[in-house]
Amino acid sequence: MVLNMTRVSASILSADLSRLGDEVCRVKAAGADMLHIDVMDGIFVPPMTIGDVVVSSLNKTKNITFDTHLMLSRPERSIPLFAQAGSDIISIHVESDYEKGLQNALELIKKSGCKAGLAINPPTPIEKAFPFIGIADVFVIMSVNPGYGGQAFIPQSLNKIESLRNKAENLGINAVIEVDGGINEKTAPAVIKAGADILVSGNYLFASVNMKAAVESLRLL
Ligand code: DX5
Ligand code: ZN
């Protein structure tokens with residue numbers, strides 16, 4: 001998997017979930033690089049979304065990268081299940097609880113054959129992610145508070161992207177940065193300029209009449 005150019009990950013949180021299979025086909029036809037799968041447990045965030053059983057069913061027709069974002073209070077037990085369900089990237093939160101520690105959980109993701117992502121919420125200082133540079137494969141900087149699609153981009157997220165990019169460069173490590181929340185054709189250019197490699201977009205893509213054009217608009221600087 002090449003992870004060093006701007007890529008678009010379409011969040012199915014904003015899809016018509018009563019027609020999930022068709023919506024995934026729409027994402028593939030639009031040329032998105034990844035399918036962003038938001039998993040919520042009703043504890044880490046209030047909503048409950050979809051689980052590993054549904055992800056497995058999507059896997060039957062898979063030819064797109066599965067970018068699974070676990071918004072779970074205690075993600076460790078779920079990691080093998082989402083790996084087995086066909087995830088390529090599994091991201092867990094720095095704010096979640098870990099019996100055996102966050103580093104161990106990131107290593108478990110890698111041992112399960114997936115890229116390990118570390119997600120960080122807007123109120124959490126970016127410095128909390130620094131010890132995991134060189135350990136996590138991907139950093140997911142949340143640019144909205146997690147739980148809901150269609151929220152406005154939080155502009156302070158740009159500083160966090162830049163700080164993480166600079167810190168990784170100073171360490172001589174090529175960190176992959178994904179930015180999640182409020183991404184559209186207006187917010188994307190600054191996010192890419194700040195150092196993002198992967199843009200997650202839900203509401204903007206799924207509300208578009210022409211999803212292919214919407215995906216392309218996010219790749220433009
Ligand atoms: C928020 C989710 C995001 C969200 C992005 O909890 O993690 O992935 O669905 O959707 P938009 O682009 O609508 O902010
Ligand atoms: Zn997400």
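FYI, the numbering just counts along the sequence from 1. Since the structure is predicted, the reported quantities are computational estimates derived from the model, not experimental observations. As the structure lists them, so they are numbered: ligands from 1, and atoms in each ligand from 1.
- Between Asp180 atom OD2 and His69 atom ND1, the angle centred on the Zn ion (ligand 2) amounts to 90° (nearest 10°).
- Atom numbering of ligand 1 starts at 1 in the shown order; those under 4.0 Å from a heavy atom of Met40 are 6 (O).
- Numbered from 1 in the order shown, with element, the atoms of ligand 1 that lie under 4.0 Å from a heavy atom of Asn203 read 11 (P), 12 (O), 13 (O).
- Atom numbering of ligand 1 starts at 1 in the shown order; those under 4.0 Å from a heavy atom of His36 are 8 (O).
- Listed by number with element, the atoms of ligand 1 under 4.0 Å from a non-hydrogen atom of Gly181 are 14 (O).
- With ligand atoms numbered from 1 in the order given, ligand 1 contributes 7 (O) to contacts under 4.0 Å with heavy atoms of Met142.
- Close approach to Ser201 involves these atoms of ligand 1, each under 4.0 Å from a residue heavy atom: 12 (O).
- Note: the hydrophobic cluster containing Phe153 also contains Ile126 (ILVMFWY, side chain heavy atoms under 4.5 Å, direct or indirect links).
- Distances below 4.0 Å separate heavy atoms of Gly147 from the following atoms of ligand 1: 1 (C), 6 (O).
- Atoms of ligand 1 found under 4.0 Å from any heavy atom of Gly182, numbered from 1 in the order shown, are 11 (P), 12 (O), 14 (O).
- The distance criterion of under 3.5 Å between nitrogen or oxygen atoms is not met by Gln151 with respect to ligand 1.
- Judged by the 6.0 Å and 45° rule, Lys62 forms a cation-pi pair with Phe66.
- Considering just the N/O/S atoms of Asp38, the one nearest the Zn ion (ligand 2) carries the name OD1.
- Contacts with ligand 1 closer than 4.0 Å are made by side-chain heavy atoms of Asp180 only, the backbone lying farther away.
- Just one of Asp67, Thr65, Asp33 meets the side-chain hydrogen bond (donor to acceptor under 3.5 Å, both in side chains) condition when paired with Ser9; it is Asp67.
- Heavy atoms of Tyr204 found under 4.0 angstrom from ligand 1: none, in either backbone or side chain.
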- Glu23 and Arg26: CA distance, side-chain angles, deciding distance, salt bridge (Lys or Arg N to Asp or Glu O under 4.0 Å) verdict: CA-CA 5 Å; Glu23 293 282 70; Arg26 192 174 157 215; 3.2 Å; yes
